[in-house]
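All values derive from a computational prediction rather than experimental measurement. Remember, it's 1-based here, ligands and their atoms both numbered in the order they're listed.
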Amino acid sequence: MVVIGCGFMGKALLEGWLASGVKPEAIHVQDPAPSDWLKAQTGFHLNKDLPANPAVLVIATKPQVLAEVLPPLAHFGDGDTIVVTIATGAPLAYYEASFGAKTPVARAMPNLPAAVGAGVTVFACNANVSDAQAELVADLFNAVGTGIALADEEQMHAVTGISGSGPAYVFAMAEAMTKAGEAMGLPRDLASTLAVHTIAGAGAMMREADTEAGDLRRAVTSKGGTTAEALKHLMAPGTGLFDLMEKASGASRDRSIELSTP
Ligand SMILES: NC(=O)C1=CN([C@@H]2O[C@H](COP(=O)(O)OP(=O)(O)OC[C@H]3O[C@@H](n4cnc5c(N)ncnc54)[C@H](OP(=O)(O)O)[C@@H]3O)[C@@H](O)[C@H]2O)C=CC1
Ligand SMILES: O=C(O)[C@@H]1CCC=N1
(Lines give C-alpha, C1' and ligand atoms only; values in the text may rest on other atoms or scores of the structure.)
(Ligands and ions follow the chains in the order given, each with its own letter.)
Protein backbone atom coordinates (compact mmCIF):
# COMPACT_ATOMS: atom_id res chain seq x y z
CA MET A 1 0.00 0.00 0.00
CA VAL A 2 1.12 3.53 -0.79
CA VAL A 3 -0.23 6.51 1.18
CA ILE A 4 0.25 9.99 -0.26
CA GLY A 5 -0.10 12.66 2.42
CA CYS A 6 -0.05 11.93 6.12
CA GLY A 7 -1.73 14.74 8.03
CA PHE A 8 -4.60 14.37 10.49
CA MET A 9 -6.64 11.90 8.45
CA GLY A 10 -3.73 9.95 6.94
CA LYS A 11 -2.42 9.43 10.48
CA ALA A 12 -5.89 8.44 11.77
CA LEU A 13 -6.25 5.78 9.05
CA LEU A 14 -2.71 4.49 9.51
CA GLU A 15 -3.20 4.25 13.28
CA GLY A 16 -6.40 2.29 12.71
CA TRP A 17 -4.82 0.02 10.09
CA LEU A 18 -1.77 -0.67 12.27
CA ALA A 19 -4.04 -1.49 15.23
CA SER A 20 -6.01 -3.86 13.00
CA GLY A 21 -2.85 -5.79 12.15
CA VAL A 22 -1.56 -4.28 8.91
CA LYS A 23 2.25 -4.55 8.95
CA PRO A 24 4.08 -1.19 8.73
CA GLU A 25 6.63 -2.80 6.38
CA ALA A 26 3.80 -3.15 3.82
CA ILE A 27 3.19 0.61 3.79
CA HIS A 28 4.95 3.33 1.80
CA VAL A 29 4.16 6.86 2.98
CA GLN A 30 5.00 10.04 1.08
CA ASP A 31 4.76 13.39 2.85
CA PRO A 32 6.96 16.43 2.22
CA ALA A 33 7.11 17.41 5.91
CA PRO A 34 6.60 14.27 8.03
CA SER A 35 5.04 14.88 11.45
CA ASP A 36 6.80 13.82 14.66
CA TRP A 37 4.33 10.90 14.86
CA LEU A 38 5.24 9.74 11.36
CA LYS A 39 8.97 10.10 11.98
CA ALA A 40 8.64 8.08 15.20
CA GLN A 41 7.02 5.11 13.42
CA THR A 42 9.25 2.15 12.70
CA GLY A 43 8.78 -0.03 9.66
CA PHE A 44 7.09 2.37 7.24
CA HIS A 45 8.90 3.15 3.99
CA LEU A 46 8.87 6.92 4.46
CA ASN A 47 9.58 9.08 1.40
CA LYS A 48 11.38 6.15 -0.29
CA ASP A 49 11.07 5.00 -3.91
CA LEU A 50 7.56 3.66 -4.48
CA PRO A 51 6.79 0.08 -5.58
CA ALA A 52 5.82 -0.25 -9.24
CA ASN A 53 2.43 -1.92 -8.77
CA PRO A 54 0.99 -1.41 -5.29
CA ALA A 55 -2.43 -2.99 -4.73
CA VAL A 56 -3.70 0.28 -3.26
CA LEU A 57 -2.68 3.92 -3.72
CA VAL A 58 -4.28 6.08 -1.03
CA ILE A 59 -4.54 9.81 -1.75
CA ALA A 60 -4.84 11.64 1.58
CA THR A 61 -3.87 15.20 0.72
CA LYS A 62 -6.01 18.31 0.75
CA PRO A 63 -8.10 18.73 -2.41
CA GLN A 64 -6.42 22.09 -3.03
CA VAL A 65 -3.10 20.37 -3.87
CA LEU A 66 -4.44 17.52 -6.03
CA ALA A 67 -3.50 19.30 -9.25
CA GLU A 68 0.16 19.14 -8.27
CA VAL A 69 0.04 15.81 -6.37
CA LEU A 70 -1.55 13.59 -9.02
CA PRO A 71 0.48 14.15 -12.24
CA PRO A 72 3.71 12.54 -10.90
CA LEU A 73 1.62 9.50 -9.84
CA ALA A 74 -0.07 9.05 -13.23
CA HIS A 75 2.03 5.93 -14.04
CA PHE A 76 0.00 4.04 -11.41
CA GLY A 77 -3.05 4.41 -13.63
CA ASP A 78 -4.72 2.06 -16.10
CA GLY A 79 -3.38 -1.03 -14.31
CA ASP A 80 -4.24 -3.20 -11.32
CA THR A 81 -3.58 -0.53 -8.69
CA ILE A 82 -6.77 0.86 -7.19
CA VAL A 83 -6.65 4.56 -6.32
CA VAL A 84 -8.46 5.16 -3.03
CA THR A 85 -8.91 8.86 -2.44
CA ILE A 86 -10.15 10.53 0.71
CA ALA A 87 -9.69 14.04 -0.67
CA THR A 88 -12.89 16.00 -0.19
CA GLY A 89 -14.99 17.03 -3.15
CA ALA A 90 -13.11 15.86 -6.24
CA PRO A 91 -15.25 13.38 -8.22
CA LEU A 92 -14.20 9.99 -9.59
CA ALA A 93 -14.02 11.55 -13.07
CA TYR A 94 -11.25 13.88 -11.90
CA TYR A 95 -9.03 10.88 -11.06
CA GLU A 96 -9.97 9.09 -14.29
CA ALA A 97 -8.81 12.19 -16.18
CA SER A 98 -5.54 12.22 -14.26
CA PHE A 99 -4.72 8.48 -14.07
CA GLY A 100 -6.44 7.21 -17.19
CA ALA A 101 -9.99 6.15 -17.98
CA LYS A 102 -9.36 2.47 -17.15
CA THR A 103 -8.05 3.16 -13.65
CA PRO A 104 -10.00 1.62 -10.76
CA VAL A 105 -10.87 4.46 -8.36
CA ALA A 106 -12.73 4.54 -5.05
CA ARG A 107 -13.69 7.91 -3.62
CA ALA A 108 -14.10 7.69 0.13
CA MET A 109 -15.19 9.98 2.93
CA PRO A 110 -13.87 8.62 6.24
CA ASN A 111 -13.93 10.42 9.57
CA LEU A 112 -11.41 11.04 12.31
CA PRO A 113 -12.59 8.38 14.83
CA ALA A 114 -11.04 5.85 12.40
CA ALA A 115 -7.94 6.44 14.54
CA VAL A 116 -9.59 4.46 17.36
CA GLY A 117 -11.37 1.94 15.14
CA ALA A 118 -14.68 3.82 15.42
CA GLY A 119 -14.82 5.68 12.12
CA VAL A 120 -17.56 5.57 9.55
CA THR A 121 -16.50 5.70 5.91
CA VAL A 122 -18.73 6.02 2.89
CA PHE A 123 -17.17 5.08 -0.46
CA ALA A 124 -18.17 5.14 -4.12
CA CYS A 125 -16.35 3.09 -6.76
CA ASN A 126 -16.03 3.68 -10.50
CA ALA A 127 -16.93 1.03 -13.07
CA ASN A 128 -13.30 -0.20 -13.30
CA VAL A 129 -13.25 -1.46 -9.71
CA SER A 130 -13.47 -5.26 -9.64
CA ASP A 131 -15.54 -7.10 -7.04
CA ALA A 132 -12.33 -8.17 -5.32
CA GLN A 133 -11.08 -4.57 -5.21
CA ALA A 134 -14.43 -3.33 -3.87
CA GLU A 135 -14.14 -5.97 -1.15
CA LEU A 136 -10.60 -4.81 -0.40
CA VAL A 137 -11.79 -1.20 -0.01
CA ALA A 138 -14.63 -2.33 2.27
CA ASP A 139 -12.14 -4.40 4.31
CA LEU A 140 -9.81 -1.40 4.66
CA PHE A 141 -12.54 0.83 6.03
CA ASN A 142 -14.25 -1.88 8.08
CA ALA A 143 -10.87 -2.37 9.75
CA VAL A 144 -11.14 1.19 11.13
CA GLY A 145 -14.87 1.22 11.88
CA THR A 146 -17.77 0.84 9.50
CA GLY A 147 -17.48 0.99 5.70
CA ILE A 148 -20.57 1.78 3.63
CA ALA A 149 -20.69 1.51 -0.17
CA LEU A 150 -22.60 4.30 -1.93
CA ALA A 151 -24.12 3.90 -5.37
CA ASP A 152 -24.88 7.59 -5.99
CA GLU A 153 -21.57 9.46 -5.93
CA GLU A 154 -23.38 12.81 -5.86
CA GLN A 155 -24.48 12.09 -2.28
CA MET A 156 -20.86 12.21 -1.17
CA HIS A 157 -21.11 15.98 -0.57
CA ALA A 158 -24.02 15.49 1.85
CA VAL A 159 -22.18 12.59 3.49
CA THR A 160 -19.28 14.97 4.09
CA GLY A 161 -21.67 17.43 5.74
CA ILE A 162 -22.85 14.75 8.16
CA SER A 163 -20.14 12.21 8.96
CA GLY A 164 -16.95 13.68 7.42
CA SER A 165 -17.20 16.97 9.29
CA GLY A 166 -19.48 15.51 11.97
CA PRO A 167 -16.86 14.63 14.60
CA ALA A 168 -16.02 18.35 14.77
CA TYR A 169 -19.66 19.14 15.60
CA VAL A 170 -19.53 16.65 18.47
CA PHE A 171 -16.17 17.94 19.71
CA ALA A 172 -17.60 21.47 19.58
CA MET A 173 -20.56 20.24 21.63
CA ALA A 174 -18.16 18.88 24.27
CA GLU A 175 -16.38 22.24 24.29
CA ALA A 176 -19.69 24.07 24.66
CA MET A 177 -20.86 21.78 27.51
CA THR A 178 -17.52 22.30 29.27
CA LYS A 179 -17.84 26.07 28.94
CA ALA A 180 -21.42 25.97 30.19
CA GLY A 181 -20.34 23.88 33.19
CA GLU A 182 -17.60 26.39 34.01
CA ALA A 183 -20.10 29.22 33.70
CA MET A 184 -22.20 27.48 36.36
CA GLY A 185 -19.17 27.30 38.70
CA LEU A 186 -17.83 23.79 38.05
CA PRO A 187 -14.05 23.34 37.91
CA ARG A 188 -12.90 23.08 34.26
CA ASP A 189 -11.52 19.53 34.66
CA LEU A 190 -14.76 18.26 36.13
CA ALA A 191 -16.89 20.03 33.51
CA SER A 192 -14.75 18.57 30.72
CA THR A 193 -14.86 15.04 32.19
CA LEU A 194 -18.64 15.24 32.52
CA ALA A 195 -19.03 16.49 28.93
CA VAL A 196 -16.77 13.81 27.44
CA HIS A 197 -18.26 10.92 29.41
CA THR A 198 -21.79 12.07 28.72
CA ILE A 199 -21.19 12.23 24.96
CA ALA A 200 -19.28 8.94 24.92
CA GLY A 201 -21.97 7.23 27.02
CA ALA A 202 -24.81 8.58 24.92
CA GLY A 203 -22.91 7.52 21.77
CA ALA A 204 -22.36 4.00 23.09
CA MET A 205 -26.04 3.76 24.00
CA MET A 206 -27.19 4.93 20.55
CA ARG A 207 -25.00 2.32 18.89
CA GLU A 208 -26.39 -0.49 21.04
CA ALA A 209 -30.00 0.59 21.35
CA ASP A 210 -32.67 -0.76 19.09
CA THR A 211 -34.47 2.58 19.08
CA GLU A 212 -33.93 5.94 17.40
CA ALA A 213 -32.07 8.84 19.00
CA GLY A 214 -35.35 10.69 19.49
CA ASP A 215 -36.70 7.84 21.63
CA LEU A 216 -33.58 7.91 23.80
CA ARG A 217 -33.93 11.70 24.16
CA ARG A 218 -37.50 11.21 25.33
CA ALA A 219 -36.30 8.60 27.86
CA VAL A 220 -34.10 11.26 29.51
CA THR A 221 -36.82 13.91 29.49
CA SER A 222 -39.00 13.62 32.57
CA LYS A 223 -42.29 15.41 32.29
CA GLY A 224 -42.05 18.75 34.09
CA GLY A 225 -38.37 18.07 34.87
CA THR A 226 -34.98 19.64 34.18
CA THR A 227 -34.26 18.26 30.71
CA ALA A 228 -37.53 19.58 29.32
CA GLU A 229 -36.46 23.08 30.35
CA ALA A 230 -33.08 22.64 28.62
CA LEU A 231 -34.66 21.27 25.45
CA LYS A 232 -36.94 24.29 25.13
CA HIS A 233 -33.77 26.17 24.16
CA LEU A 234 -32.03 23.40 22.19
CA MET A 235 -35.10 22.64 20.10
CA ALA A 236 -36.44 26.16 19.64
CA PRO A 237 -37.50 26.71 16.01
CA GLY A 238 -35.06 29.00 14.18
CA THR A 239 -32.44 29.28 16.91
CA GLY A 240 -32.26 25.70 18.18
CA LEU A 241 -29.98 22.80 17.37
CA PHE A 242 -32.10 21.30 14.61
CA ASP A 243 -32.11 24.40 12.44
CA LEU A 244 -28.50 25.11 13.31
CA MET A 245 -27.46 21.56 12.32
CA GLU A 246 -29.22 21.89 8.99
CA LYS A 247 -27.38 25.14 8.32
CA ALA A 248 -24.03 23.83 9.53
CA SER A 249 -24.07 20.53 7.65
CA GLY A 250 -25.43 22.31 4.58
CA ALA A 251 -22.49 24.71 4.71
CA SER A 252 -20.07 21.77 4.87
CA ARG A 253 -21.83 20.10 1.92
CA ASP A 254 -21.70 23.35 -0.10
CA ARG A 255 -17.97 23.73 0.56
CA SER A 256 -17.44 20.14 -0.60
CA ILE A 257 -19.23 21.04 -3.84
CA GLU A 258 -17.00 24.11 -4.23
CA LEU A 259 -13.93 21.93 -3.73
CA SER A 260 -15.05 19.47 -6.39
CA THR A 261 -13.14 21.28 -9.12
CA PRO A 262 -9.60 21.38 -7.69
N1 LIG B 1 -9.31 15.69 8.84
C2 LIG B 1 -10.46 15.01 8.71
O3 LIG B 1 -11.18 14.76 9.71
C4 LIG B 1 -10.89 14.51 7.37
C5 LIG B 1 -10.19 14.83 6.23
N6 LIG B 1 -10.61 14.37 5.01
C7 LIG B 1 -9.87 14.70 3.81
O8 LIG B 1 -8.62 14.06 3.90
C9 LIG B 1 -7.63 14.85 3.25
C10 LIG B 1 -6.52 15.14 4.24
O11 LIG B 1 -7.04 15.92 5.30
P12 LIG B 1 -6.18 16.23 6.57
O13 LIG B 1 -5.41 15.02 6.94
O14 LIG B 1 -7.09 16.84 7.56
O15 LIG B 1 -5.20 17.34 5.97
P16 LIG B 1 -3.70 17.63 6.36
O17 LIG B 1 -3.33 18.93 5.76
O18 LIG B 1 -3.56 17.45 7.84
O19 LIG B 1 -2.90 16.44 5.65
C20 LIG B 1 -2.49 16.46 4.33
C21 LIG B 1 -1.04 16.05 4.28
O22 LIG B 1 -0.63 15.98 2.93
C23 LIG B 1 0.66 16.55 2.84
N24 LIG B 1 1.00 16.92 1.47
C25 LIG B 1 0.91 18.12 0.86
N26 LIG B 1 1.41 18.06 -0.40
C27 LIG B 1 1.81 16.77 -0.58
C28 LIG B 1 2.43 16.08 -1.65
N29 LIG B 1 2.72 16.68 -2.80
N30 LIG B 1 2.73 14.77 -1.49
C31 LIG B 1 2.45 14.14 -0.34
N32 LIG B 1 1.87 14.75 0.73
C33 LIG B 1 1.55 16.05 0.60
C34 LIG B 1 0.56 17.72 3.78
O35 LIG B 1 1.84 18.25 4.08
P36 LIG B 1 1.94 19.83 4.47
O37 LIG B 1 1.10 20.00 5.70
O38 LIG B 1 3.40 20.02 4.71
O39 LIG B 1 1.40 20.59 3.29
C40 LIG B 1 -0.12 17.07 4.97
O41 LIG B 1 0.80 16.41 5.80
C42 LIG B 1 -8.32 16.13 2.78
O43 LIG B 1 -8.64 16.01 1.44
C44 LIG B 1 -9.56 16.18 3.64
O45 LIG B 1 -10.58 16.86 3.00
C46 LIG B 1 -11.68 13.52 4.89
C47 LIG B 1 -12.38 13.16 5.99
C48 LIG B 1 -12.08 13.64 7.32
O1 LIG C 1 -12.80 20.04 6.87
C2 LIG C 1 -12.56 19.37 5.86
O3 LIG C 1 -12.53 19.92 4.74
C4 LIG C 1 -12.37 17.89 5.98
C5 LIG C 1 -13.41 17.13 5.23
C6 LIG C 1 -14.26 16.48 6.26
C7 LIG C 1 -13.56 16.71 7.50
N8 LIG C 1 -12.51 17.44 7.33
Under 4.0 Å from one or more heavy atoms of Ile86, ligand 1 contributes atoms 6 (N), 7 (C), 8 (O), 43 (O), 46 (C)
Pairwise side-chain contact, Leu70 with Tyr94, heavy-atom cut-off 4.5 Å (strictly under):
yes
Distance col, row Leu231:CG vs Arg217:CZ, nearest 0.5 angstrom, shows 6.0 Å
Value for CE (Met156) from CZ (Arg107), rounded to nearest 0.5 Å, stands at 5.5 Å
I'd like to check whether Lys62 has a polar contact with ligand 1, where a contact means an N/O of the residue lying under 3.5 Å from an N/O of the ligand.
yes
Which residue and heavy atom of the protein sit nearest atom 43 (O) of ligand 1, plus the separation:
Thr61 O, 2.7 Å
Quick check: Asn111 and ligand 1, any N/O pair under 3.5 Å apart?
no
Report yes if the side chains of Phe141 and Val84 come closer than 4.5 Å at any heavy-atom pair, otherwise no.
yes
Tell me, which protein residue and heavy-atom name are nearest atom 10 (C) of ligand 1, and how many Å apart are they?
Ala60 O, 3.3 Å
Verdict with reasoning, Glu229 to Lys232, per salt bridge (charged side-chain N to carboxylate O under 4.0 Å, His left out):
CA-CA 5 Å; Glu229 286 305 308; Lys232 279 182 192 165; 2.8 Å; yes
Honestly curious: do Met9 and Leu38 fall in one hydrophobic cluster under the side-chain, below-4.5 Å linking rule?
yes
With sequence neighbours excluded, give me every salt bridge (Lys or Arg N to Asp or Glu O under 4.0 Å) pair touching residues 16-32.
none
From atom 36 (P) of ligand 1, is the closest protein heavy-atom distance below 4.0 Å?
no
Lys179 and Glu175: CA distance, side-chain angles, deciding distance, salt bridge (charged side-chain N to carboxylate O under 4.0 Å, His left out) verdict:
CA-CA 6 Å; Lys179 198 161 166 274; Glu175 289 179 82; over 6 Å; no
Sequence neighbours left out, what passes side-chain hydrogen bond (donor to acceptor under 3.5 Å, both in side chains) with Glu68? Give chain and number order.
none
Could you name the option among Gly164, Pro32, Pro110 that has the heavy atom nearest to atom 47 (C) of ligand 1?
Pro110
Could you tell me the residue and atom name of the protein heavy atom closest to atom 19 (O) of ligand 1, and the distance to it rounded to 0.1 Å?
Gly7 CA, 3.2 Å
Give me the nearest non-hydrogen protein atom to atom 22 (O) of ligand 1 as residue plus atom name, then the distance to 0.1 Å.
Gly5 CA, 3.4 Å
The answer, listing residues by chain and number that come under 4.0 Å of ligand 2 through any heavy atom, is Thr88, Gly164, Ser165
Ligand-residue contact atoms, ligand 1 with Val69, heavy atoms, under 4.0 Å
28 (C), 29 (N)
Quick note on ligand 1: atoms under 4.0 Å from a heavy atom of Ala87 include exactly 43 (O)
Consider only side-chain heavy atoms of I, L, V, M, F, W and Y, link residues closer than 4.5 Å, and tell whether Ile257 and Val159 are in one cluster.
no
Proximity of Ser35 to ligand 1 by residue part, where a heavy atom lies under 4.0 Å:
neither
Shortest non-hydrogen pair, Met109 vs Gly164, comes out as SD-CA, 3.8 Å
Shortest non-hydrogen contact between Ser252 and Thr160, atoms and distance:
OG-O, 3.6 Å
Going by distance alone, is a donor N or O of one side chain under 3.5 Å from an acceptor N or O of the other, for Thr227 and Thr221?
no
I need the nearest protein heavy-atom contact for atom 44 (C) of ligand 1: residue, atom name and distance, please.
Thr88 OG1, 3.6 Å
I'd like to check which ligand 1 atoms, numbered from 1 as shown, lie under 4.0 Å from a non-hydrogen atom of Met109.
46 (C), 47 (C)
Can you tell me the protein heavy atom closest to atom 41 (O) of ligand 1 and the distance?
Asp31 OD2, 2.7 Å
Yes or no on side-chain contact (heavy atoms from CB on, under 4.5 Å) for Ile199 and Met173, after CA distance, side-chain angles and deciding distance?
CA-CA 9 Å; Ile199 290 172; Met173 173 130 169; 4.0 Å; yes
Going by atom types only, do Thr85 and Tyr95 share a side-chain donor-acceptor pair under 3.5 Å?
yes
Enumerated ligand 1 atoms positioned under 4.0 Å from heavy atoms of Ile4:
30 (N), 31 (C)
Is at least one protein non-hydrogen atom found at under 4.0 angstrom from atom 39 (O) of ligand 1?
no
I want to confirm something. Looking only at heavy atoms, which of Met9, Gln30, Lys11 is nearest to atom 31 (C) of ligand 1?
Gln30
Where ligand 1 meets Ala33 - atom numbers and elements under 4.0 angstrom, heavy-atom basis:
38 (O)
Nearest non-hydrogen protein atom, atom 18 (O) of ligand 1
Phe8 N, 3.0 Å
Could you work out, with ring-ring contact (aromatic ring centres under 6.0 Å, His included) as the rule, every residue matching His197, not counting sequence neighbours?
none
